[in-house]
Amino acid sequence: MAKKQKVKNMKLEQNELNATTIGVFESRKKTSFGIFVIMTVFILAIVFMPEISDFINQYLDPDAPIENPQYVPKPIVPPTEDEPDQVLSELTSDLQIEAPDIKADNFNLDIENNTLSFKAENTTSNNIRLNNLNYYVEVYNEDQTLLQRIKILESAPIGIGQTMQISHKLNEGVALNVKLISIVKKDIIDYPPIFLSPNDEGVEKLVCSNAHENVSYIFEDNKLQEIDATLSYASSESDYLQKYDEYRLASATYDEQDGVISLFSGSQESGEFNITTNVDLNTASRFYLFNADTFSLGTEPKVVSFEMEAQGFTCE
């Protein structure tokens with residue numbers, strides 16, 4: 001009898017054979033729609049990237065400037081107007097010069113006394129004071145070289161349609177060479193700039209002088225603060241006695257003003273007289289110290305230099 005062998009039963013399913021799911025494949029139609037959506041979002045993101053970037057910048061930093069390389073603003077440049085050329089007129093007895101506020105005529109150049117005189121008529125509808133209008137008389141030689149600039153300082157009022165006789169002393173030798181003249185109205189912006197540096201003592205100083213006066217204008221950060229002035233007159237001057245009385249009284253008057261100390265020394269019998277004056281512009285008001293303008297507190301150096309030189313002083 002043959003020996004039987006046992007065989008192990010490898011059972012897969014108790015039921016009949018069924019299909020076994022290994023993976024799932026989506027349909028072609030559903031897959032194509034998904035790819036379309038993704039591509040659409042990608043293209044829109046590229047197209048609207050600047051707007052998205054601006055939105056994110058504003059959200060993260062609202063104060064940060066937004067740069068748009070597609071637009072570069074151009075500055076607006078106002079149209080420029082050519083400045084009119086200054087008119088120079090030949091100086092003759094029948095010359096008439098019309099300025100915005102005045103008409104000047106009856107010019108007379110006195111070579112012997114080195115003076116220039118003329119009449120100024122008020123052509124406005126109001127009373128005027130020429131020292132408030134910033135007018136300058138400029139005289140030139142035949143080559144149109146400026147010989148001297150004179151500021152008109154007449155403080156008396158001129159009524160409507162009225163005239164005033166104006167006379168100015170010229171610098172030595174100027175009258176001999178004057179051929180041309182101009183009357184101009186200037187603004188402070190027209191003055192050439194000057195910036196002072198402190199000296200060895202740390203003082204910003206501009207010194208203006210003439211034959212008898214030496215005026216030191218003292219500044220702080222290029223703003224006028226104080227004035228130290230000296231005036232000297234020698235007995236050899238032909239008008240010594242007249243000036244002695246005139247300036248002694250003037251010194252006493254100045255000394256009575258707030259912020260002003262003026263001291264007179266000398267006598268009629270001595271060889272000269274001297275006056276020293278200090279003006280503190282933090283206290284004192286603007287006035288004329290003999291022939292020198294004190295100006296006002298905080299005045300710029302360029303104003304002091306330009307206007308003092310137009311009054312016969314040399315400034316440095």
Side-chain angles (χ1 to χ4, degrees), residues 86-88 91 97 99 104 109-110 113-118 120 129-141 143-155 166-197 199 203-220 222-233 275 277 279 281 286-316:
Q86 184 174 340
V87 177
L88 301 182
L91 184 57
I97 297 178
L109 180 64
D110 188 337
N113 294 307
N114 205 40
T115 60
L116 173 68
S117 61
F118 60 92
R129 296 177 187 270
L130 290 176
N131 64 332
N132 294 332
L133 298 179
N134 223 32
Y135 273 106
Y136 291 82
V137 178
E138 297 181 346
V139 291
Y140 299 78
N141 63 14
D143 296 326
Q144 299 186 12
T145 300
L146 179 63
L147 301 176
Q148 187 175 348
R149 179 183 291 115
I150 307 163
K151 185 175 183 180
I152 302 178
L153 296 171
E154 302 295 336
S155 60
I166 297 175
S167 181
H168 286 289
K169 186 77 172 177
L170 299 177
N171 293 339
E172 185 177 355
V174 168
L176 288 170
N177 298 292
V178 173
K179 298 297 181 183
L180 303 169
I181 188 171
S182 178
I183 295 180
V184 292
K185 188 174 186 178
K186 292 187 177 293
D187 193 272
I188 291 176
I189 197 173
D190 301 322
Y191 299 174
I194 292 178
F195 298 97
L196 302 177
S197 299
N199 58 19
V203 177
E204 300 169 9
K205 185 183 295 186
L206 180 69
V207 180
C208 299
S209 57
N210 62 14
H212 299 98
E213 298 168 82
N214 188 286
V215 187
S216 295
Y217 294 92
I218 300 171
F219 297 79
E220 182 177 330
N222 283 278
K223 296 180 180 179
L224 184 61
Q225 304 292 322
E226 185 181 353
I227 296 168
D228 283 324
T230 60
L231 183 147
S232 300
Y233 235 88
I275 303 172
T277 307
V279 182
L281 293 175
R286 182 177 183 175
F287 68 100
Y288 267 86
L289 178 62
F290 302 107
N291 299 297
D293 193 340
T294 64
F295 299 95
S296 300
L297 180 69
T299 299
E300 298 177 70
K302 71 172 187 176
V303 176
V304 175
S305 177
F306 190 88
E307 297 195 5
M308 285 297 290
E309 290 191 346
Q311 297 170 41
F313 285 77
T314 299
C315 298
E316 56 186 11

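Counting begins at 1 with the first residue of the sequence.
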Side-chain touch Leu109/Val139, heavy atoms, less than 4.5 angstrom: no
Side-chain contact, heavy-atom cut-off 4.5 Å: Ile275 with Phe290? yes
Examine distances only and state if a side-chain atom of Ser305 and a backbone atom of Lys302 form a donor-acceptor pair shorter than 3.5 Å. no
Side-chain (Asn222) to main-chain (Phe195) donor-acceptor, under 3.5 angstrom: no
For Tyr135, all residues meeting ring pair (Phe, Tyr, Trp, His ring centres under 6.0 Å), sequence neighbours excluded: none
Nearest 0.5 Å please: distance from the SG atom of Cys315 over to the CD1 atom of Ile194. 8.0 Å
Closest heavy-atom pair and its distance - Lys185, Leu133: CE-O, 3.2 Å
Side-chain contact test, heavy atoms from C-beta onward, threshold under 4.5 Å: evaluate it for Tyr136 versus Glu307 and give yes or no. yes
Ser216 side chain vs Val207 backbone, donor-acceptor pair below 3.5 Å: no
Under a 3.5 Å distance rule, please check whether Lys151 uses its side chain to pair with a backbone N or O of Glu309 as donor and acceptor. no
Would you check, one step at a time, whether the test side-chain contact (heavy atoms from CB on, under 4.5 Å) holds for Asp187 with Asn134? CA-CA 7 Å; Asp187 193 272; Asn134 223 32; 6.0 Å; no
Of all pairs that satisfy side-chain hydrogen bond (donor to acceptor under 3.5 Å, both in side chains), the ones with a partner from residues 204-214, not counting sequence neighbours: Asn210-Glu213, His212-Glu237, Glu213-Asn291
Flag side-chain contact, heavy atom, 4.5 Å: Leu88 against Glu138: no
Given side-chain contact (heavy atoms from CB on, under 4.5 Å), test Ile150 with Leu170 step by step and report yes or no. CA-CA 8 Å; Ile150 307 163; Leu170 299 177; 3.5 Å; yes
NZ of Lys223 to OG of Ser296: how many Å apart, nearest 0.5 Å? 14.0 Å
Can you name the closest pair of heavy atoms from Leu224 and Phe219 and give their distance? N-CD2, 3.2 Å
What distance do Leu297 atom CG and Arg286 atom CZ have between them, rounded to the nearest 0.5 Å? 12.5 Å
So do Leu130 and Ile166 actually touch side chain to side chain, heavy atoms under 4.5 Å? yes
Check step by step if side-chain contact (heavy atoms from CB on, under 4.5 Å) holds for Leu116 and Leu91. CA-CA 10 Å; Leu116 173 68; Leu91 184 57; 4.2 Å; yes
Mind checking whether Ile97 and Phe118 have side chains closer than 4.5 Å, heavy atoms only? no
For a quick test of reading the model, state the closest non-hydrogen atom pair linking Leu281 to Glu226 and the distance between them. CD1-N, 4.4 Å
Calculate, to the nearest 0.5 Å, the distance between atoms CG and OH belonging to Asp293 and Tyr288 respectively. 4.0 Å
Only distances under 3.5 Å count here; give the side-chain donor-acceptor pairs of residues 172-180 to other protein atoms, sequence neighbours excluded, each with its distance to 0.1 Å.
residue	atom	partner	partner atom	Å
Asn177	ND2	Gly173	O	3.2

What distance separates Phe295 CZ from Phe287 CZ, expressed to the nearest 0.5 Å? 12.5 Å
What is the ring orientation for Tyr191 with Phe306, classed by angle as parallel under 30°, tilted 30 to 60°, or perpendicular over 60°? parallel
Does any N or O in the side chain of Asn141 come within less than 3.5 Å of the main-chain N or O of Asp143, such that one atom is a donor and the other an acceptor? yes
In short, Tyr217 meets Ala292 closest at the heavy-atom pair OH-CB, 4.0 Å
To the nearest 0.5 Å, tell me how far Lys169 NZ sits from Asn171 CG. 10.5 Å
